[in-house]
Amino acid sequence: MSVLVLASGSPTRAKLLRDAGVPIEIAPARVDEEALKESLLAEKRAPRAIADALAELKALRGSTSRPADLVLGADQVLEIEGALVSKSENLAAARELLLRLRGKTHALITAAVLARGGMPVWRHVARVSLTMRDYSEGFVDDYLASEGEDLLGSVGCYRLEGRGLQLFSRIDGDYFSILGLPMLPLLTALRDQGIITR
C-alpha cells in the first residue's frame, strides 16, 4: 500500500486521516499564503477560488519535491459579510473576531487537492454555512482562557470538536470539512488512487 503525503502541519488533518486508517507522511509545504491570498483578492477572485488555489499550491509544492508520491494540499478560508478573514495572530485578535462573528452567519470554505508528478489529479471544494449564537463577552473570555493559543491554528478561532461547538446555533454542511478535510469525497479519491483498499 502506498502512503499519502500530507503537505500540511495541521494536527487535526493528520488525526482525521490517521483515524480513518489512511497511511500518511507529514511534509508541510512552505508557501506564503497571505501573499497569494492578497494577489487573488486584487484579481477579484471568489473565496472558493482562493481556497482552491491555496490548496493546489501546497499540493503542487509538495509534489514537485516528491513526484512519485500522492500529495494532499488543503486550506480553508472564512467569509463574513463579503470579506475574507485571515488567521488571528494572537488571542486579542481572536477575541475581536469571535465578537465580530457573534450572532451572524459566515461561510467556511474548505479545499483539498491531490497532486502527483507536479500535476493536480483530484480536487474538492466544500462550503459550510455556520451561524454563531449571540453569546456574551464573558463567554468569549472564558472560552479563550480555557482553549488558549491552540485556537490560533483555526481561521475562525473555534474547534468544533471541542468546546467551540457551544459558539454555534446552526451549522449547514459537512462536519469534516469544518475540521479541515472533506473526508468522504477524499476517501473515495484515495481508493481510486490506490492509497487505501477498495
Side-chain angles (χ1 to χ4, degrees), residues 5-20 24-38 41 47 50-51 53-55 57-59 61-62 72-81 83-112 126-171 173-183:
V5 178
L6 177 61
S8 167
S10 164
T12 303
R13 288 187 181 112
K15 181 174 178 3
L16 284 171
L17 291 163
R18 286 188 178 121
D19 286 353
I24 63 169
E25 288 181 22
I26 299 172
R30 305 289 180 221
V31 299
D32 188 342
E33 295 181 38
E34 287 306 311
L36 178 58
K37 195 183 296 184
E38 286 178 23
L41 284 170
I50 293 171
L54 289 165
L57 178 62
K58 291 175 183 179
R61 184 72 49 90
L72 172 63
D75 211 304
Q76 292 180 305
V77 298
L78 188 154
E79 179 187 17
I80 177 80
E81 299 171 332
L84 283 191
V85 173
S86 294
K87 286 183 181 176
S88 298
E89 294 182 7
N90 53 49
L91 290 177
R95 183 181 194 275
E96 186 179 315
L97 174 62
L98 289 171
L99 292 176
R100 178 181 174 195
L101 296 174
R102 176 175 57 178
K104 297 177 183 170
T105 299
H106 66 273
L108 188 64
I109 301 142
T110 302
R127 183 183 181 95
V128 180
S129 176
L130 302 107
T131 303
M132 302 292 227
R133 67 181 183 86
D134 190 14
Y135 40 76
S136 67
E137 290 191 30
F139 178 84
V140 171
D141 292 337
D142 185 56
Y143 174 66
L144 291 171
S146 68
E147 297 293 313
E149 292 190 353
D150 287 347
L151 294 174
L152 302 180
S154 163
V155 70
C157 296
Y158 46 76
R159 290 178 49 242
L160 203 65
E161 66 274 29
R163 191 169 175 214
L165 185 58
Q166 291 189 39
L167 296 165
F168 299 92
S169 61
R170 181 181 176 94
I171 296 172
D174 176 54
Y175 172 76
F176 296 110
S177 293
I178 299 168
L179 298 186
L181 287 174
M183 286 301 293

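Both backbone and side-chain heavy atoms feed into the values below; hydrogens, waters and symmetry mates do not.
Around atom CZ of F176, no more than 12 heavy atoms belonging to other residues, nucleotides or ligands sit under 6.0 Å away. For CD of Q166, the number of neighbouring non-hydrogen atoms (other residues, nucleotides, ligands) closer than 6.0 Å is greater than 12. Atom CD of E96 is surrounded by 12 or fewer heavy atoms from other residues, nucleotides or ligands within 6.0 Å.
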Quiz item: Going through the distances and angles, do L179 and E161 end up as a side-chain contact (heavy atoms from CB on, under 4.5 Å)?
Solution: CA-CA 8 Å; L179 298 186; E161 66 274 29; 3.0 Å; yes
Exercise. Show your working on side-chain contact (heavy atoms from CB on, under 4.5 Å) between L167 and L98 and close with a plain yes or no.
Key: CA-CA 9 Å; L167 296 165; L98 289 171; 4.1 Å; yes
Quiz item: Hey, mind stepping through V85 and L97 against side-chain contact (heavy atoms from CB on, under 4.5 Å) and telling me if it holds?
Solution: CA-CA 9 Å; V85 173; L97 174 62; 3.7 Å; yes
Practice problem: List the steps and the verdict of side-chain contact (heavy atoms from CB on, under 4.5 Å) for L36 and V31. | Solution: CA-CA 9 Å; L36 178 58; V31 299; over 6 Å; no
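One distance of note links CD of E34 with NZ of K87; it measures 9.5 Å at 0.5 Å rounding. Taking OG1 of T12 as the reference point, atom CG of D19 lies at 10.5 Å (rounded to 0.5 Å). Distance check, rounded to the nearest 0.5 Å: CG of L101 to CG of L130 gives 9.5 Å. The distance from the NE2 atom of H106 to the CZ atom of R100 is 11.0 Å, given to the nearest 0.5 Å. Once rounded to the nearest 0.5 Å, the distance linking CG of D142 with CD of E137 reads 13.5 Å. Interatomic distance, R163 CZ to L151 CG, rounded to the nearest 0.5 Å: 10.5 Å.
The minimum heavy-atom distance between S129 and T105, with the atom names listed, is OG-CG2, 3.2 Å. Taking every heavy atom of both residues into account, D75 and A51 meet most closely at CB-O, 4.1 Å. Residues D141 and R95 approach most closely at OD1-NE, 2.6 Å, considering heavy atoms. When all heavy atoms are compared, the tightest approach of I109 to P47 is CD1-CB, 3.5 Å. Contact detail for A94 and L152: the closest heavy-atom pair is CB-CD2, 4.1 Å. Minimum interatomic distance between A111 and A55 (heavy atoms only, all atoms of both residues): O-CB, 3.6 Å.
The closest side-chain donor-acceptor pair between R159 and S154, if any, does not fall under 3.5 angstrom.
A 4.5 Å side-chain heavy-atom check between V155 and V77 finds every atom pair outside the cut-off. Looking only at side-chain heavy atoms (C-beta outward), E33 and K58 come within less than 4.5 Å of each other. Using a 4.5 Å heavy-atom cutoff, the side chains of L6 and L17 are in contact. Looking at heavy atoms from C-beta onward, L78 lies out of side-chain contact with L84 at the 4.5 angstrom threshold. Looking only at side-chain heavy atoms (C-beta outward), I171 and V128 come within less than 4.5 Å of each other. Using a 4.5 Å cut-off on side-chain heavy atoms (C-beta onward), C157 and S88 make contact. With contacts defined as side-chain heavy-atom distances shorter than 4.5 Å, the pair L108/Q76 qualifies.
With hydrogens and angles ignored, the 3.5 Å screen pairs a side-chain donor or acceptor of R13 with a backbone N or O of G180.
Ion pair E79/R127 flagged as a salt bridge, since at least one NZ, NE, NH1 or NH2 atom sits closer than 4.0 Å to an Asp/Glu carboxylate oxygen. Salt bridge absent: D134 and K104 never bring a charged side-chain N and a carboxylate O closer than 4.0 Å.
Every ring pair (Phe, Tyr, Trp, His ring centres under 6.0 Å) that F168 has, sequence neighbours left out, goes to Y158.
In this structure, R102 is not positioned above the aromatic face of F139 in the sense of NZ or CZ being under 6.0 Å from the six-membered ring centre and within 45° of the axis.
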